[in-house]
Amino acid sequence: MTEEQRIEVQEHIKNADYRADYNAICLYALRLVRNRALAEEFAQETFLRLLQQEKMAENGEAQPLQNPRAWLYRTARNLIYDFFRRQRKRAEICEYLTVFTPQSHDSEAIREAENKETNEMLLQKLNELPVRQREAVRLRFQERLKYDEIAEVMGETRSSVGKLLSEAIRRLREMMQE
């Protein structure tokens with residue numbers, strides 16, 4: 001990305017509508033790559049592509065985006081996957097798809113201590129799920145995407161997303177009871 005493009009992206013994300021999306025995409029990328037600088041680069045590249053897409057739509061060269069939020073997640077995901085493919089590190093994709101441990105915002109120390117063990121066990125079990133199920137769970141419960149948005153990000157049907165999530169939750173329940 002050139003410095004001129006970087007400035008254009010930064011100006012674009014100053015818009016309040018895009019600031020929240022930019023932060024969400026940065027966090028999503030960080031969860032995948034676990035490297036803040038790399039995550040920010042992926043987010044900037046994603047928004048550069050959004051700018052290009054919007055310009056093409058204005059010129060009639062492309063259709064306007066129906067769901068920009070899902071498009072952003074899918075684009076960021078594809079950029080990250082392509083990066084790993086180019087680096088011939090397919091095995092690391094699974095490693096980088098581990099679930100991000102959310103920070104507790106609960107100020108009650110007692111409640112936090114009680115939940116910590118359960119949360120750690122849940123995260124451990126979540127990491128044992130197949131990659132597609134784990135990704136669907138992360139997009140639904142960490143990124144708070146709707147089924148339609150998850151379907152668009154993952155390239156699945158809404159029905160397939162429902163099945164993935166249902167199976168993942170069923171398996172998690174079974175694993176937590178062991």
Side-chain angles (χ1 to χ4, degrees), residues 9 13 17-50 53-54 64-87 89-106 115 118-176:
V9 167
I13 61 176
D17 293 338
Y18 287 112
R19 188 69 190 157
D21 287 334
Y22 179 80
N23 290 337
I25 295 299
C26 267
L27 185 57
Y28 176 67
L30 180 62
R31 288 176 177 158
L32 293 177
V33 300
R34 293 197 224 168
N35 177 309
R36 184 168 300 281
L38 194 54
E40 288 176 3
E41 289 214 17
F42 284 125
Q44 288 178 358
E45 180 64 28
T46 299
F47 273 81
L48 176 61
R49 291 184 182 200
L50 175 67
Q53 174 68 24
E54 288 176 344
L65 296 175
Q66 297 300 315
N67 189 339
R69 185 173 183 227
W71 186 92
L72 286 168
Y73 277 95
R74 187 180 64 246
T75 301
R77 175 181 177 253
N78 289 343
L79 285 170
I80 292 166
Y81 279 26
D82 289 347
F83 171 80
F84 284 114
R85 280 188 203 104
R86 280 192 311 270
Q87 298 298 318
K89 295 182 179 181
R90 289 184 184 171
E92 289 185 12
I93 290 175
C94 291
E95 180 182 304
Y96 280 90
L97 288 177
T98 57
V99 177
F100 180 78
T101 305
Q103 296 292 323
S104 172
H105 297 291
D106 190 358
N115 291 330
T118 303
N119 288 341
E120 287 174 359
M121 181 185 276
L122 180 61
L123 289 173
Q124 180 184 19
K125 299 298 182 187
L126 204 57
N127 285 328
E128 294 175 19
L129 290 176
V131 173
R132 302 288 289 165
Q133 289 180 3
R134 186 170 56 228
E135 183 175 18
V137 168
R138 186 181 55 252
L139 289 170
R140 176 70 181 125
F141 297 105
Q142 288 184 323
E143 302 301 330
R144 302 205 188 287
L145 295 183
K146 296 175 185 167
Y147 278 41
D148 291 333
E149 294 172 322
I150 296 169
E152 193 170 331
V153 169
M154 294 180 69
E156 299 280 348
T157 64
R158 188 179 198 285
S159 174
S160 294
V161 168
K163 289 175 186 173
L164 279 170
L165 287 169
S166 177
E167 179 64 17
I169 291 168
R170 184 191 63 75
R171 291 179 80 176
L172 284 171
R173 281 185 183 138
E174 288 174 358
M175 288 188 285
M176 292 297 284

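Each residue takes its place number in the sequence, starting with 1. Hydrogens, waters and symmetry mates are skipped; everything else that's a heavy atom, side chains included, is used.
- Inter-residue side-chain proximity for Ile25 and Phe47 is flagged as met; some heavy-atom pair is nearer than 4.5 Å.
- Judged purely by atom type and a 3.5 angstrom limit, Ser166 has no side-chain atom pairing as donor or acceptor with the backbone of Gly162.
- Here the two rings, on Phe42 and Phe83, have centers that are under 6.0 Å apart.
- Nearest heavy-atom pair across Arg74 and Val153 is CG-O, 3.6 Å.
- Closest heavy-atom contact between Ala39 and Cys26: CB-O, 3.8 Å.
- We find that Arg170 and Glu174 are joined by a salt bridge, their nearest charged nitrogen and carboxylate oxygen being less than 4.0 Å apart.
- Taking CG of Asn78 as the reference point, atom CZ of Arg49 lies at 9.0 Å (rounded to 0.5 Å).
- Considering only heavy atoms from C-beta on, Leu32 comes within 4.5 Å of Arg138 through its side chain.
- In this structure, the side chains of Arg132 and Glu156 come closer than 4.5 Å at one or more pairs of heavy atoms.
- Distance alone, capped at 3.5 Å, is enough to place a donor-acceptor pair between the Arg134 side chain and the Leu129 backbone.
- Looking only at side-chain heavy atoms (C-beta outward), Leu145 and Arg69 come within less than 4.5 Å of each other.
- Of all heavy-atom pairs spanning Ala151 and Arg158, the tightest one is CB-N, 3.8 Å.
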**Item:** Audit row: Leu172, Met175, side-chain contact (heavy atoms from CB on, under 4.5 Å) steps and yes/no
**Value:** CA-CA 5 Å; Leu172 284 171; Met175 288 188 285; 3.8 Å; yes

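- With rounding to the nearest 0.5 Å, the separation of CD in Gln44 from CG in Leu48 is 9.5 Å.
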**Message:** Quick one, Arg77 with Glu135, criterion salt bridge (Lys or Arg N to Asp or Glu O under 4.0 Å). Give me CA distance, side-chain angles, the key distance, then yes/no.
**Reply:** CA-CA 11 Å; Arg77 175 181 177 253; Glu135 183 175 18; 2.6 Å; yes

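- Lys125 NZ: more than 12 foreign heavy atoms inside a 6.0 Å radius.
- Within the 4.5 Å cutoff, side-chain heavy atoms of Tyr28 are placed close to those of Leu139.
- No side-chain heavy atom of Trp71 sits under 4.5 Å from any side-chain heavy atom of Gln66.
- Leu30 contributes atom CG, which lies 8.0 Å from atom CG of Asn35 (distance to the nearest 0.5 angstrom).
- Between Thr75 and Gln53 the shortest side-chain heavy-atom distance does not fall below 4.5 Å.
- Between Pro68 and Glu54 the shortest side-chain heavy-atom distance does not fall below 4.5 Å.
- Between Arg31 and Glu143 there is a salt bridge, with a side-chain nitrogen of the basic residue lying less than 4.0 Å from a carboxylate oxygen of the acidic one.
- The minimum heavy-atom distance between Ala136 and Leu164, with the atom names listed, is CB-CB, 4.3 Å.
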**Request:** Might you work through the side-chain contact (heavy atoms from CB on, under 4.5 Å) test for Tyr73 and Glu149, ending with a clear yes or no?
**Result:** CA-CA 9 Å; Tyr73 277 95; Glu149 294 172 322; over 6 Å; no

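- The structure places CD of Glu45 at 10.5 Å from CG of Asp82, a figure rounded to the nearest 0.5 Å.
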**Asked** Can you check side-chain contact (heavy atoms from CB on, under 4.5 Å) on Gln142 and Val137, steps first, answer last?
**Response** CA-CA 8 Å; Gln142 288 184 323; Val137 168; over 6 Å; no

**Message:** For a side-chain contact (heavy atoms from CB on, under 4.5 Å) check, start with the C-alpha distance between Thr46 and Tyr22, then their side-chain angles and the critical distance, and finish with the verdict.
**Reply:** CA-CA 9 Å; Thr46 299; Tyr22 179 80; over 6 Å; no

